[in-house]
Amino acid sequence: MRIAFPSAVCLSSLFAVSGFAQATPQSIADAELSSLVAIYKDIHSHPELSAHEERTAALVAKELRAAGCEVTEHFGTYDDPKLKAYGVIGVMKNGDGPTVLVRTDLDALPVQEETGLPYASKVTAKNDEGKDVPVMHACGHDVHIAAFIGTARALAKLKDQWHGTIVFVGQPAEEMGSGARALLKAGLYDRFGKPAFALGFHDKADVQAGHIAITEGYTSANVDSLDVTVRGVGGHGAYPHKIKDPIVLSAEIINAWQTIVSRENNPLDPIVVTVGSIHGGTKRNIIPDEVKMQLTVRTYKKEARDKALAAIDRIAKQLATAAGVPPERAPIVTVRKDEVCPAMFNNPELTKRLIAVWKRTLGDDNVEIVEPTMGGEDFSEYSLPDHSIPAVNFHFGAVDPAKMAESKKTGTELPSLHSSKFAPVPEPTIRTGIIAMTMAALELMKK
Ligand SMILES: [Zn+2]
Ligand SMILES: [Zn+2]
């Protein structure tokens, strides 16, 4: 596979190899790359579901210790006392100076991998409902872990260029939106210091490897998760006049929910209402008593969020009334408190500062300014409650440049994050993640 590196990066690597130049993030990334790709492949073939990241966390702890960090394991407190927290905190001290938080996530997803890679996951595990599910690193958190370990190694070797304390955070359960909150609830900032800056990163499935992608200001949406049970009165499928059918009612409710976006909301304030799961019934000729649905709702503004959540409840209940469902069988609409995360805000001043550093070191053409998305990211929690801690969560491309070019030419969509076919090209992706994160930390902590 042909991989394009920015020419400035290649030159600096050559100098490092010659032994005359000072070590740089680039030269260290090059030297560490084969070991980090081996770690990446190991994690990729051993993915773990959210809140079950035991093996992954132990590996991260071992590597942070080897890089010279003081490491705390099993850190975090979930709202749900049944869940074990596998947070890993590694503190790297280097004299007086600012504290900077650097975070990776650790968890994988219930997806059956279809990449055909030699190191593809064959893992299945029990989910929290006790059901066997396939598991895959379909969001690239394994790439983040490899780049995070590489960043720790690089900053350990570059201690003459920075001062202060780096708090490396291996965060569980990003995909549930509850991992960052679990670490903060356990006293992350009381115990390890409130950071002056927080830095996170995520791979991107529509940007070429070697490139950074960044958005100034709001970059990912508020995420709310809802459970809805539409109740009816079940009976024989041949006697609709004797029952109240929750399946037909659910269909009406789902369609009516889409009018929240199209008919109730200011079109300039984005809202997404997605029903991702619907289950009801057991057999063709039985009308069930209830239908269960799971929703994700994405918004930016508080007013849009309040409006969407209230409208989901109102529409479900009033359509049930219209269908003649008795009041005691009204739909139950629950906004979950455990799977929620606020919108991510990239501090504009910090974003501008990092863009300048990356452009200087990676080249202007390798830093892309991208639009915000309705995706969710619980990295937002680290700067809350009021964005008082300047934070930036940046992206780095994960796609083979040749495949990017082909996709642009043919118009064929590339596999997105969470796709069973998402396969980041490891070397340039991890390398760019290390360089960008190390450069960012050096900029904020330079002597
Ligand atoms: Zn994800
Ligand atoms: Zn992710």
Side-chain angles (χ1 to χ4, degrees), residues 40 43-44 47-53 56-57 60 86-87 102-115 121 125 127 133-148 169-183 198-207 209 212-215 219-225 272 274 276-277 294 296-298 338-344 346 370 372-382 391-399 414-424 426 429-430 432-433 436-437:
Y40 162 73
I43 299 169
H44 188 83
E48 294 172 303
L49 291 173
S50 304
H52 297 268
E53 307 89 343
T56 313
V60 169
Y86 291 106
V102 173
R103 174 268 216 172
T104 183
D105 32 24
L106 304 173
D107 51 335
L109 287 159
V111 172
Q112 176 81 60
E113 179 156 358
E114 294 180 311
T115 59
S121 165
N127 67 10
V133 290
V135 192
M136 174 190 174
H137 267 294
C139 203
H141 297 187
D142 44 1
V143 175
H144 309 168
I145 296 166
F148 173 84
V169 173
Q171 182 211 298
E174 190 278 333
E175 295 290 356
M176 282 166 35
S178 53
R181 245 188 345 272
L183 300 187
L199 300 172
F201 52 7
H202 203 295
D203 62 349
K204 206 157 167 49
D206 54 1
V207 169
I212 300 295
I214 176 98
T215 312
T219 170
S220 63
N222 287 305
V223 178
D224 282 289
S225 306
V272 177
T274 291
S277 157
Q294 296 180 319
T296 188
V297 176
R298 308 296 170 103
D338 53 345
E339 294 199 26
V340 57
C341 74
M344 174 69 218
N346 279 343
V370 293
T373 74
M374 299 306 279
E377 172 55 73
D378 75 352
F379 186 73
S380 52
E381 299 275 3
Y382 295 101
V392 161
N393 189 51
F394 64 90
H395 297 277
F396 52 108
V399 187
L414 293 159
S416 65
L417 295 177
H418 292 203
S419 156
S420 59
K421 295 190 171 62
F422 175 60
T429 304
I430 294 169
T432 307
M437 186 59 97

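In this text the structure is predicted, and so the values were computed from the model without any measurement. In each ligand, atom 1 is the first atom listed, and ligand 1 is the first ligand listed. The figures here come from the full heavy-atom set of this structure, side chains too, leaving out hydrogens, waters and symmetry mates. Starting from 1, each residue takes its place in the sequence as its number.
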Quiz prompt | the Zn ion (ligand 2) reached by H202 (N, O or S, under 2.8 Å) | solution =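 Looking at H202, which is the residue asked about, there is an N, O or S atom under 2.8 Å from the Zn ion (ligand 2).
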
Quiz item: Got an N, O or S from H141 under 2.8 Å of the Zn ion (ligand 1)?
Solution: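 No, outside the cut-off.
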
Quiz prompt | Any donor-acceptor N or O pair under 3.5 Å, side chains H144, D105 | solution = yes

Quiz item: How long is the gap from CD1 on I145 to NE2 on H137, to the nearest 0.5 Å?
Solution: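 Going from the CD1 atom of I145 to the NE2 atom of H137 covers 5.0 Å.
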
Quiz item: Step by step, would you call T219 with E377 a side-chain contact (heavy atoms from CB on, under 4.5 Å)?
Solution: CA-CA 9 Å; T219 170; E377 172 55 73; over 6 Å; no

Quiz item: How wide is the angle at the Zn ion (ligand 1) between SG of C139 and OE2 of E175, to the nearest 10°?
Solution: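 For SG of C139 and OE2 of E175, the angle centred on the Zn ion (ligand 1) reads 100°.
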
Quiz item: Going by the angle between their ring planes, with limits at 30° and 60°, are F201 and F394 parallel, tilted or perpendicular?
Solution: perpendicular

